[in-house]
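Nothing fancy with the numbering, it's 1 onward along the sequence. For ligands, and for the atoms within them, numbers begin at 1 and follow the listed sequence. Atom set for the values below is all heavy atoms of this structure, side chains included, hydrogens, waters and symmetry mates excluded.
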Amino acid sequence: MSEERKARLAESLAAVEARIDRACAAVGRAREEVRLLAVTKTFPAEDAALLTDLGLTDLAENRDQEAGAKAAEVARLRPDARVRWHMVGRLQRNKARSVAEWADEIQSVDSLRLAEALAKATVNRERPIDVLLQVSLDDDPGRGGCPVSELDALAERVARAGGLRLRGVMAVAPLGADPAPAFERLAGAAGALRKQHPGATEISAGMSGDLEVAITHGSTCVRVGTALLGGRGLASP
Ligand SMILES: *Cc1c(COP(=O)(O)O)cnc(C)c1O
């Protein structure tokens, strides 16, 4: 029942909004400084459409194939909703062209080779794609992210691409560790980047479990899946 589902989503959205409000208030930040992205991965287009009915139009996905189909379906279900789609997952170079067809913002750019492929895929765009550089906070290459020491070169490459607009950094907290020092490190990297690239003001950090800590450490964008939509089950990413 879509009315029941909508009521459930409205409830969880209110709870997440209350958490964001409290976290902002606790450190004297304005609520408008923090974007809320709904991570709709593994959930159907109908859920994404209901979120737009509730006023949440910043949606995020982590797989190109699923996202492309879902974005098209949401556009069909809600032709008037002004959805902004965000890519937050690992991205292979051969998907650069495809992701450029549906994403308004790519938060997971973490290598020169990927930046190069995206630059090529977006040369003829009218509106550039917003780009965040994904930073590795645990120096584990398996989990994605650019090492802090290689961030400058990556930023330069993105900044030179006419079809890309460098907007800041993104990170996922290390697994099973206190997120606070990691988010502090991210804030430091973001500050250094901003000195070279004044337009790179975004810090995308914080998910269902750690959004308060991230907001305390300067996050301007929290990416929330589970706390809005429910659990994804064991088999899903
Ligand atoms: C899935 C995902 C999220 C959302 O995680 P939750 O814990 O469900 O809120 C945030 N960021 C990225 C990169 C993700 O892949």
Side-chain angles (χ1 to χ4, degrees), residues 8-9 11-20 22-23 34-45 47-48 50-51 54 56-68 70-71 84-92 95 99 102-111 114 129-138 140-146 167-180 182-183 186 189-190 202-237:
R8 178 96 30 102
L9 290 174
E11 245 173 63
S12 46
L13 175 57
V16 169
E17 283 289 355
R19 286 176 61 189
I20 297 173
R22 273 198 304 273
V34 183
R35 290 188 285 161
L36 168 59
L37 302 196
V39 183
T40 47
K41 67 186 182 198
T42 78
F43 288 93
D47 277 350
L50 291 173
L51 287 172
L54 297 169
L56 197 46
T57 51
D58 278 311
L59 306 181
E61 289 282 328
N62 73 335
R63 288 182 180 188
D64 170 65
Q65 202 176 2
E66 178 185 348
K70 201 178 294 182
R84 265 194 111 240
W85 287 99
H86 302 73
M87 173 60 165
V88 298
R90 294 208 83 177
L91 184 53
Q92 277 162 353
K95 297 289 172 67
V99 85
W102 60 267
D104 300 285
E105 177 168 326
I106 303 174
Q107 298 204 340
S108 44
V109 176
D110 65 353
S111 75
L114 176 58
I129 297 193
D130 285 339
V131 163
L132 304 191
L133 308 181
Q134 184 176 349
V135 181
S136 168
L137 296 176
D138 52 10
D140 173 358
R143 296 190 69 223
C146 173
R167 293 291 290 122
V169 294
M170 181 272 254
V172 180
L175 274 176
D178 177 5
F183 290 146
L186 179 67
E202 296 281 337
I203 301 177
S204 174
M207 322 201 305
S208 292
D210 56 14
L211 67 89
E212 287 88 352
V213 188
I215 289 171
T216 302
H217 292 281
S219 171
T220 63
C221 176
V222 294
R223 311 176 306 266
V224 180
T226 310
L228 281 174
L229 290 142
R232 290 180 294 271
L234 285 177
S236 38

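- A search for side chain to side chain donor-acceptor pair (under 3.5 Å) contacts involving T220 returns E202, not counting sequence neighbours.
- The residue from R223, K41, M207 that puts a heavy atom closest to atom 14 (C) of ligand 1 is K41.
- The side chain to side chain contact (heavy atoms under 4.5 Å, CB included) with Q107 is formed by just one residue from the set D130, L37, V131; it is L37.
- For ligand 1 and V88, the ligand atoms under 4.0 Å from any heavy atom of the residue are 12 (C), 13 (C).
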Working note: R35 + E105, criterion salt bridge (charged side-chain N to carboxylate O under 4.0 Å, His left out); need CA distance, chi angles, decisive distance, verdict.
CA-CA 13 Å; R35 290 188 285 161; E105 177 168 326; 3.0 Å; yes
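- Taking every non-hydrogen atom of T226 and a distance limit under 4.0 Å, the qualifying atoms of ligand 1 come out as 6 (P), 7 (O), 8 (O), 9 (O).
- Each of the atoms 9 (O) of ligand 1 lies under 4.0 Å from some heavy atom of V224.
- Residue pairs that meet the salt bridge (charged side-chain N to carboxylate O under 4.0 Å, His left out) test with at least one member in residues 217-228, sequence neighbours left out, do not exist here.
- Considering only heavy atoms from C-beta on, L9 comes within 4.5 Å of L54 through its side chain.
- Listed by atom number, the atoms of ligand 1 under 4.0 Å from S208 heavy atoms are 6 (P), 7 (O), 8 (O), 9 (O).
- Taking a 4.0 Å cut-off on heavy atoms, Q107 fails to register as neighbouring ligand 1.
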